[in-house]
Protein chains: 2
Amino acid sequence: MESTVENVRSQMRKGVLEYCILSILSRKEAYASSIIDELKAANMIVVEGTLYPLLIRQKNQGYLSYRWEESTQGPPRKYYVITDKGRAVLSEMDSAWQEIVSTIRTLKGDD
Amino acid sequence: MESTVENVRSQMRKGVLEYCILSILSRKEAYASSIIDELKAANMIVVEGTLYPLLIRQKNQGYLSYRWEESTQGPPRKYYVITDKGRAVLSEMDSAWQEIVSTIRTLKGDD
DNA sequence: TTTAGTACTTTGTGATACAAGGTATTCAAA
DNA sequence: TTTGAATACCTTGTATCACAAAGTACTAAA
């Protein structure tokens with residue numbers, strides 16, 4: 001069995017992952033492996049089997065588009081780019097996130 | 001299909017719900033319907049079919065215990081009480097939550 | 001005795017994170 | 001030339017979980 005701590009963290013990551021991806025892509029286009037690296041650096045551990053389907057989902061929903069680009073160090077990379085629709089959804093996510101942060105504060109704060 | 005906004009909010013609720021329940025019960029014991037009311041008041045909408053299985057799961061994991069109490073206004077109520085183990089897990093969840101909030105800030109903040 | 005209100009429970013469905021394994025490209029060393 | 005390492009993308013199967021919907025049961029009032 002996995003440790004309780006990891007379970008807790010894993011549970012909380014769910015639901016904000018989509019938000020993280022759109023946030024990262026709102027700043028600059030990126031390909032899957034580089035997104036994983038960035039998430040790892042930010043302590044948001046994600047594996048390939050999670051990220052690839054998620055990117056494909058967001059592309060199918062029209063939040064992202066992509067283009068292929070050659071690499072000097074291996075196979076070509078699929079660079080994802082956020083769309084206008086994606087930016088609109090991201091803006092909604094910003095609000096939703098703020099609301100949840102505020103809700104937790106309320107639940108923990110005042111008796 | 002459900003609205004995008006609701007989808008976004010629903011996704012984000014996942015993973016913090018357990019945290020909310022333990023937080024509420026760390027302050028005072030409560031029964032399911034009253035927990036739903038409190039969550040609704042804090043803008044964290046949850047339905048019965050979500051909450052009851054969750055409480056049962058947390059009880060089975062030893063985070064909660066419960067006792068029955070008669071009500072003058074209907075059927076008896078199942079009052080849930082957080083256990084020592086539950087408080088330990090809640091403490092871990094506090095850290096995990098702070099970490100995620102901080103991670104999101106990092107991902108959004110610095111270019 | 002029927003209805004309204006309250007409270008707890010279960011079943012079926014869809015979504016999704018993850019583990020594990022697979023495919024494909026490039027380059028360098030044997 | 002072919003083998004292996006590194007990089008990158010993709011798929012399948014499983015478990016978990018939020019939710020909708022329907023069900024059970026108790027109390028009090030009409």
Summarise how protein sits on nucleotides 25-30 of chain C as a single string, 5' to 3': B when a protein heavy atom is under 4.0 Å from the base, S for sugar-phosphate-only contact, - for no contact.
-> BSS---

Check the distance between D:dT11's C1' and A:Leu55's CG and give it to me in whole angstrom.
-> 15 Å

Could you give the CG-to-C1' distance, from A:Leu54 to D:dC10, as a whole number of Å?
-> 14 Å

Apply side-chain contact (heavy atoms from CB on, under 4.5 Å) to A:Asn43 and list each qualifying residue two or more places apart in sequence or on a separate chain.
-> B:Glu99, B:Thr103

To the nearest Å, give me how far apart CG (B:Leu51) and P (C:dT9) are.
-> 11 Å

Members other than B:Val81 in its cluster, when Ile, Leu, Val, Met, Phe, Trp, Tyr link by side-chain heavy atoms under 4.5 Å?
-> none

Tell me: CD1 of A:Ile35 to P of C:dA17, nearest whole Å?
-> 14 Å

Return the polar atom pairs (N/O with N/O) between nucleotides 21-24 of chain D and the protein under 3.5 Å, or none.
none

State which of C:dC8, D:dA18, D:dC10 makes the closest approach to the side chain of B:Arg77.
-> C:dC8

With sequence neighbours left out, what residues match B:Lys40 under salt bridge (Lys or Arg N to Asp or Glu O under 4.0 Å)?
-> none

B:Leu17 atom CG is separated from C:dT16 atom P, nearest whole Å, by 16 Å

Nearest to the side chain of B:Tyr52, which nucleotide is it out of C:dA7, D:dA18, C:dA17?
-> C:dA7

Keeping to residues at least two apart or across chains, list the side chain to side chain donor-acceptor pair (under 3.5 Å) pairs with something in residues 48-60 of chain A.
-> A:Glu18-A:Gln58

State, with a plain yes or no, whether a side-chain heavy atom of A:Ile35 is found less than 4.5 Å away from one of A:Leu55.
-> yes

side-chain contact (heavy atoms from CB on, under 4.5 Å) partners for A:Pro76, two or more places apart | A:Trp68, A:Glu70

Take the protein atom CZ of A:Arg57 and the nucleotide atom C1' of C:dG14, then report the distance between them rounded to whole Å.
-> 12 Å

Atom OH of A:Tyr31 and atom C1' of D:dT7: how far apart are they, to the nearest Å?
-> 8 Å

Would you classify A:Thr50 as touching base, sugar-phosphate or nothing, given that sugar-phosphate means primed atoms plus P, OP1 and OP2, and contacts are heavy atoms under 4.0 Å?
-> base

Tell me the salt bridge (charged side-chain N to carboxylate O under 4.0 Å, His left out) pairs involving residues 74-87 of chain B, sequence neighbours left out?
-> none

Atom CD1 of A:Ile56 and atom P of D:dT12: how far apart are they, to the nearest Å?
-> 11 Å

Residue pair A:Val46, A:Leu17: steps toward the side chain to side chain contact (heavy atoms under 4.5 Å, CB included) verdict = CA-CA 9 Å; A:Val46 175; A:Leu17 247 187; 3.5 Å; yes

Out of C:dT9, C:dA17, D:dA20, which nucleotide sits closest to the side chain of B:Val47?
-> D:dA20

Cluster companions of B:Tyr79 among Ile, Leu, Val, Met, Phe, Trp, Tyr (side-chain spacing under 4.5 Å) = B:Tyr31

